[in-house]
Amino acid sequence: MSSLGIYRCIDDMRAQVAAWKAEGLRVGLVPTMGALHAGHLSLVEAISQNVDKVIVSIFVNPAQFAAHEDLSTYPRQEAADLAALETTQTDAVFAPTAQEMYPDGFATAIAMDGPALGLESEERPHFFGGVALIVLKLLTQTQTDVAIFGEKDYQQLMVIRRMVADLNLPVEIMAGEIMREADGLAMSSRNVYLNAEQRKIAAQLHVILGQLANHPAGADIIKAEAEAKQALLEAGFTKVDYACIRDAETLGVPNANTRARRALIVARLGDTRLLDNRPAS
Ligand code: PAF
């Protein structure tokens, strides 16, 4: 039995945040889909440096999964998640039901342009509409002062920053650093899907990403991207969705206005998609 405050209803969660704010406290939100790992716990640690009270939301959001994706098998382990959160600075967990979030008759969608175009959207056209919708709902439901998102899902972070700016939402968005296993693999709830052989190959993603990110200044980007793709296939990845260098803010192809660049790779091992990214030269 967890000693954390667990909220299943939007009204109760909002009332708790309002009470904290009435005391002059600053409140932060860590949105998650559960199956928590050290990467999530590092987001709790990071946001807790900036706020007085931390809420972690746990909700596997149906709107961001396509019919053929892993919604039904996505790892769900609430008891273990609550036990892990008890060791952190978490004050409350917001774990609503799907019916609470998407009641009968729900009819609203969000369409986004800009950083939501390309990359993940090529393979998962439904994805950012679903993410933007749930994040907007979580932010308006909880009305926290700050929310944090991991840089591992870099395009997601840029999409959320854009939405928050476009809709003038009164919330500060923090970015959490990517947490890595000892061999460099970015931590992800989906890493549990990898078998022993795939897990060995997976470690190469980080190495090849480093080579792509550090390609010599002035070198041909298209050539560097093609080399990274070839290296991934030779390492044993079954498919490369993308290996590219983009403008770090707009996620468009770098141009004369680009201030910083980002290398991003998504490669597959069987049915498992592995994402990683880092600043590029
Ligand atoms: O990154 C995730 O875990 C999810 O996309 C998020 C932001 C919690 C929305 O469901």
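It should be emphasised that the depicted structure is a prediction, and the values quoted were computed from it without experimental measurement. Atoms within a ligand are numbered from 1 in the order they appear, just like the ligands themselves. Keep in mind that the numbers below use all heavy atoms, side chains included, and drop hydrogens, waters and symmetry copies.
Near Gln64, meaning under 4.0 Å from one of its heavy atoms, ligand 1 places the atoms 4 (C), 5 (O), 9 (C), 10 (O). Interface of Ile134 with ligand 1, defined as ligand atoms under 4.0 Å from a residue heavy atom, comprises 9 (C), 10 (O).
Counting heavy atoms closer than 4.0 Å to ligand 1, residue Thr32 contributes backbone atoms (N, CA, C, O) but none from C-beta onward.
Residue contacts with ligand 1: Gln156 is placed with a nitrogen or oxygen under 3.5 Å of a nitrogen or oxygen of the ligand (distance criterion only).
Here the options are Arg278, Arg262, Arg180, the test is salt bridge (charged side-chain N to carboxylate O under 4.0 Å, His left out), and the partner is Glu151; only Arg262 passes. Here the rule is salt bridge (charged side-chain N to carboxylate O under 4.0 Å, His left out) with Asp70, and of Arg76, Arg190, Arg124 only Arg190 fits it.
You'll find the side chain of Leu157 stays beyond 4.5 Å of the side chain of Ile160, heavy atoms only.
Within 6.0 Å of CD on Glu249 lie no more than 12 heavy atoms contributed by other residues, nucleotides or ligands.
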